[in-house]
Amino acid sequence: MSSFSRFLEGLNPPQRAAVEHTEGPVLVLAGAGSGKTRVITRRIAHIIATKLAEPSQVLAVTFTNKAAGEMRERVADLVGSEAAKEITISTFHAFCLHMLRRQITHLGYRSNFTIASESDSRTLIRRVTEELGVQNESFDTGTFQSAISLAKNTGETPETVKDRPARTANEEKYQQYMTEVYTRYESALRAANSLDFDDLLSLTHRLLKEHPRVLAEVRHQYRYVMVDEYQDTNAIQYELLRMLVGEHCNLFVVGDDDQAIYGWRGADVRNILGFERDFPKATVITMDQNYRSTTTILDAANHVIKNNASRREKKLWSDLGKGRAIDRFVVSDEDAEAKEALNWLKHIRSRTKAAWSDFAVLYRSNVQSRVFEVVFRQGDVPYTVFGGQDFFERAEVKDIISYLKVIANPRDEAAFLRVVNVPRRGVGDATLHQAHDICRTEGKTLGMAVAAMIERGMVAPKIEFGMRQFLNIVQRYRQRFKTRDGDLFTIVRGLVTDIDYLGELQRTSRTAEQYESRAQCVETVCQAIQRYEEDAEYPTLANFLDVSHLNGDASFGSKDERRDTVSLMTIHSAKGLEFPYVFIVGLEDGNLPHDRSLVDGNLDEERRLFYVALTRGRKHVTLFEALSRVRHGREKMCKPSRFLAEIPESLLVNQVRAVREMVEEKVAPPEPKPKKKPKPREPRKGL
């Protein structure tokens with residue numbers, strides 16, 4: 001056996017063809033559960049084993065840190081850890097961040113920029129809208145933030161965003177201010193020497209477009225470019241890939257248009273649908289054998305997705321056996337739905353001896369988890385809610401991270417504003433507004449503006465003491481990190497002690513339990529820094545902040561943590577996962593498909609979302625439909641999701657637990673009481 005033929009062992013014919021086809025553009029249509037990660041990793045190993053490229057000439061990008069980590073581990077098992085270290089395997093954003101750290105000075109930024117979190121971005125947008133006079137109850141900062149994010153991902157500038165047609169009266173209201181808010185927000189980021197998450201892509205695109213020498217260096221470095229989940233690429237990512245592959249065009253993309261569910265955040269399914277148009281010499285390989293689910297589940301999914309008009313024809317199949325028919329419960333309301341799910345879950349578990357972690361409850365939106373949490377808690381069922389509050393969004397975490405960001409980047413305005421008064425130092429809005437005026441008129445950072453106010457005697461003695469204390473701490477720890485006066489863990493622990501942050505938590509916590517929980521968050525950040533320092537070859541504060549923002553909650557979790565709990569998550573969060581037993585709840589029109597899609601007639605992505613939910617199941621899927629549901633504070637009658645009618649009856653077992661007439665009677669408004677006819681007055685008797 002040759003040294004490289006072992007990488008072809010155990011592959012089915014389409015998988016083998018994908019691994020062996022190394023030159024030119026290749027599109028692999030990989031259906032759910034068809035082994036796409038296996039194909040990408042084997043192809044990387046095959047290219048290196050056949051000496052087509054050095055490990056450092058291979059680039060593989062995907063969308064999640066989990067997927068990138070799994071790919072990295074599999075490649076290391078195939079080619080060895082030393083060779084794997086030379087291969088660039090990362091998310092799009094991590095790849096772009098690495099490039100910007102080395103080259104962003106070409107765009108006029110300092111290389112010590114920090115990455116703004118979502119809350120940092122909201123802080124800057126809120127200040128911008130306040131300055132414009134549009135910050136009131138009828139305008140939402142989050143709406144501006146989402147619109148700017150979408151604009152960046154689709155390549156729109158502040159000048160072109162005003163031309164985007166508004167679909168609703170509410171959008172039109174925001175549209176009239178978008179250019180100005182977008183422009184000023186960009187200016188605020190630039191002044192803070194900060195980038196938001198979307199800038200990592202858009203500024204890398206601008207860098208390669210405006211600086212041919214940088215582009216030539218990157219093209220020369222990477223001989224082979226591979227992309228996972230290609231259906232999720234947006235306009236900027238698409239353009240980046242086209243620039244990266246240049247003339248050699250060795251672009252290998254793997255994706256499934258039937259699983260394109262991120263259009264709302266800028267992903268464009270047309271990138272995968274039009275691949276041969278964009279790359280005329282492309283080879284297309286279809287992988288339709290599913291190694292995950294039973295035939296019944298796949299038949300149901302195939303019948304649903306074939307109703308989408310714009311898609312590439314494929315039909316998933318499996319040799320894992322027929323399996324049990326899909327159970328469909330029709331229940332009275334959301335409370336009955338959760339209780340029925342609880343009983344059914346316990347029934348399956350008693351019959352199969354399955355673990356709690358074998359079960360997942362999938363829903364369209366996070367708000368649906370609440371009733372399941374209550375019922376599962378009452379029923380002694382252990383569960384974990386995914387996609388709830390981000391660890392980064394906890395106040396204690398944001399405080400410590402913001403201190404570190406101000407220390408790393410003196411111009412980070414959002415971080416400065418968050419911690420200048422933490423713990424309380426009496427610095428009010430009036431003082432900060434004066435500091436902002438100095439920033440605008442004199443081009444100073446906020447820290448420099450505050451120092452200038454002290455120097456000019458513009459603040460009261462009590463406030464001056466607090467401001468001096470803050471500036472001294474920041475300056476002292478900036479020096480400690482610069483000279484490496486101790487390891488990172490020790491320095492951060494010292495910072496927490498010097499600002500008496502735990503004392504502040506004790507003073508502001510309502511109960512001992514709340515204090516313990518908040519203090520544990522601070523300890524988790526410190527432990528994350530310690531783990532980072534143990535793993536990193538050259539640990540630095542700036543790099544820790546980068547890793548934390550790119551990896552999100554994963555940076556703060558313990559290693560090898562696996563709990564035996566039922567998973568409660570949105571369908572979007574479940575993408576890429578699989579479970580033996582899947583419950584899909586809330587299958588009513590207005591929920592799945594969502595109200596918005598019913599208004600604009602764009603049902604394709606909602607149908608793909610249901611398809612993704614179905615194909616998460618390995619052994620069995622259960623569907624739940626409620627006849628009534630509380631929406632916007634009122635109980636309303638529901639119609640079954642139109643997607644349910646697309647599944648043949650032969651694949652379903654109906655477990656009806658409610659009678660529609662009874663629910664209609666419960667929800668119907670009370671009949672108006674008939675007015676009583678007034679009694680005729682008797683004639684008044686005389687005295």
Side-chain angles (χ1 to χ4, degrees), residues 1-55 57-63 66-81 83-84 87 89 223-231 250-259 272 275-276 279 281-295 297-298 301-302 312-321 576-578 615-616 618:
M1 184 185 296
S2 64
S3 61
F4 59 84
S5 59
R6 65 189 180 94
F7 299 129
L8 305 175
E9 281 185 328
L11 301 178
N12 64 35
Q15 290 174 336
R16 180 167 181 146
V19 169
E20 290 186 301
H21 200 107
T22 58
E23 305 307 305
V26 180
L27 166 63
V28 177
L29 291 171
S34 62
K36 61 184 180 63
T37 306
R38 189 184 201 198
V39 164
I40 295 175
T41 54
R42 293 286 190 97
R43 187 174 191 266
I44 292 172
H46 178 72
I47 286 171
I48 294 171
T50 53
K51 306 296 184 183
L52 290 171
E54 294 297 321
Q57 294 178 301
V58 176
L59 167 65
V61 289
T62 186
F63 281 83
K66 182 179 178 181
E70 181 184 349
M71 196 180 295
R72 208 174 289 117
E73 288 176 9
R74 290 204 199 180
V75 169
D77 289 339
L78 294 170
V79 303
S81 56
I87 303 168
I89 301 175
R223 169 75 179 156
Y224 291 94
V225 177
M226 294 172 230
V227 187
D228 190 15
E229 305 286 9
Y230 186 67
Q231 77 280 349
N250 286 333
L251 177 63
F252 179 86
V253 304
V254 182
D256 181 9
D257 53 301
D258 290 335
Q259 296 187 73
I272 192 168
F275 190 79
E276 297 102 303
F279 302 95
K281 296 180 180 179
T283 297
V284 180
I285 299 168
T286 301
M287 298 192 334
D288 52 9
Q289 181 177 359
N290 177 284
Y291 292 90
R292 174 190 301 160
S293 307
T294 65
T295 298
I297 294 172
L298 298 181
N302 287 330
R312 291 175 173 272
E313 186 58 39
K314 73 183 84 65
K315 187 176 181 180
L316 295 180
W317 61 277
S318 169
D319 59 9
L320 297 178
L577 303 178
E578 58 182 68
T615 54
R616 297 314 92 195
R618 288 169 48 198

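Of all heavy-atom pairs spanning K36 and V254, the tightest one is CB-CG1, 3.5 Å. Summarising the geometry of A32 relative to D256, their closest heavy-atom pair is N-OD2, 3.8 Å, with the distance given to 0.1 Å. Nearest heavy atoms, F7 versus A49: CE1-CB, 3.5 Å. I272 approaches G255 most closely through the heavy-atom pair CD1-C, 3.6 Å. Considering every non-hydrogen atom in both L298 and S293, the closest pair reads CD2-CB, 3.8 Å. The minimum heavy-atom distance between Y224 and T22, with the atom names listed, is CE2-O, 3.1 Å.
Between the side chain of R43 and the backbone N or O of H21 there is at least one donor-acceptor pair closer than 3.5 Å. Checked by atom type and distance alone, the side chain of R616 pairs as donor or acceptor with a backbone atom of L577 at under 3.5 Å. A distance-only check finds no donor-acceptor pair linking the side chain of R292 to the backbone of E578 [under 3.5 Å]. Between the side chain of N302 and the backbone N or O of L316, at least one donor-acceptor pair lies under 3.5 Å.
Between the CD atom of E73 and the OG1 atom of T41 there is a distance of 11.5 Å, given to the nearest 0.5 Å. Put simply, CZ on R42 and CZ on R74 are 9.5 Å apart, with the number rounded to the nearest 0.5 Å. To the nearest 0.5 Å, atoms CD1 (I40) and CD (E70) are separated by 10.5 Å. Of the inter-residue distances, the one linking T286 atom OG1 with K315 atom NZ reads 15.0 Å to the nearest 0.5 angstrom. From T295, atom OG1 reaches atom CG of D319 across 8.0 Å, with rounding to the nearest 0.5 Å. Separating the CD atom in E20 from the CD1 atom in I285 is a distance of 9.5 Å, to the nearest 0.5 Å.
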Would R618 and T294 count as a side-chain contact (heavy atoms from CB on, under 4.5 Å) if you check the C-alpha gap in whole Å, the side-chain angles of each, and the deciding distance to 0.1 Å?
CA-CA 6 Å; R618 288 169 48 198; T294 65; over 6 Å; no
Is there a side-chain contact (heavy atoms from CB on, under 4.5 Å) between V61 and M226? Walk through the geometry before answering.
CA-CA 6 Å; V61 289; M226 294 172 230; over 6 Å; no
Salt bridge (charged side-chain N to carboxylate O under 4.0 Å, His left out) between R223 and E23, worked out:
CA-CA 10 Å; R223 169 75 179 156; E23 305 307 305; 3.5 Å; yes
Is there a side-chain contact (heavy atoms from CB on, under 4.5 Å) between I87 and I48 once you walk through the steps?
CA-CA 10 Å; I87 303 168; I48 294 171; 3.5 Å; yes
Verdict with reasoning, L251 to V253, per side-chain contact (heavy atoms from CB on, under 4.5 Å):
CA-CA 6 Å; L251 177 63; V253 304; 3.7 Å; yes
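Contact check for M287 versus P14: side-chain heavy atoms found under the 4.5 Å cut-off. Side-chain contact between D257 and L29: present, with at least one pair of heavy atoms (C-beta onward) separated by less than 4.5 Å.
For the side chain to side chain contact (heavy atoms under 4.5 Å, CB included) criterion with F252, the lone passing option out of T283, V225, V28, V227 is V28.
One finds a salt bridge joining R312 and E276 here, because a Lys/Arg side-chain nitrogen approaches an Asp/Glu carboxylate oxygen to under 4.0 Å.
No more than 12 heavy-atom neighbours from other residues, nucleotides or ligands sit within 6.0 angstrom of CD on E54.
Counting only N and O atoms by type, the side chains of N290 and W317 include no donor and acceptor under 3.5 Å apart.
Considering only residues two or more places apart in sequence or on other chains, F275 meets the ring pair (Phe, Tyr, Trp, His ring centres under 6.0 Å) condition with Y230, F279.
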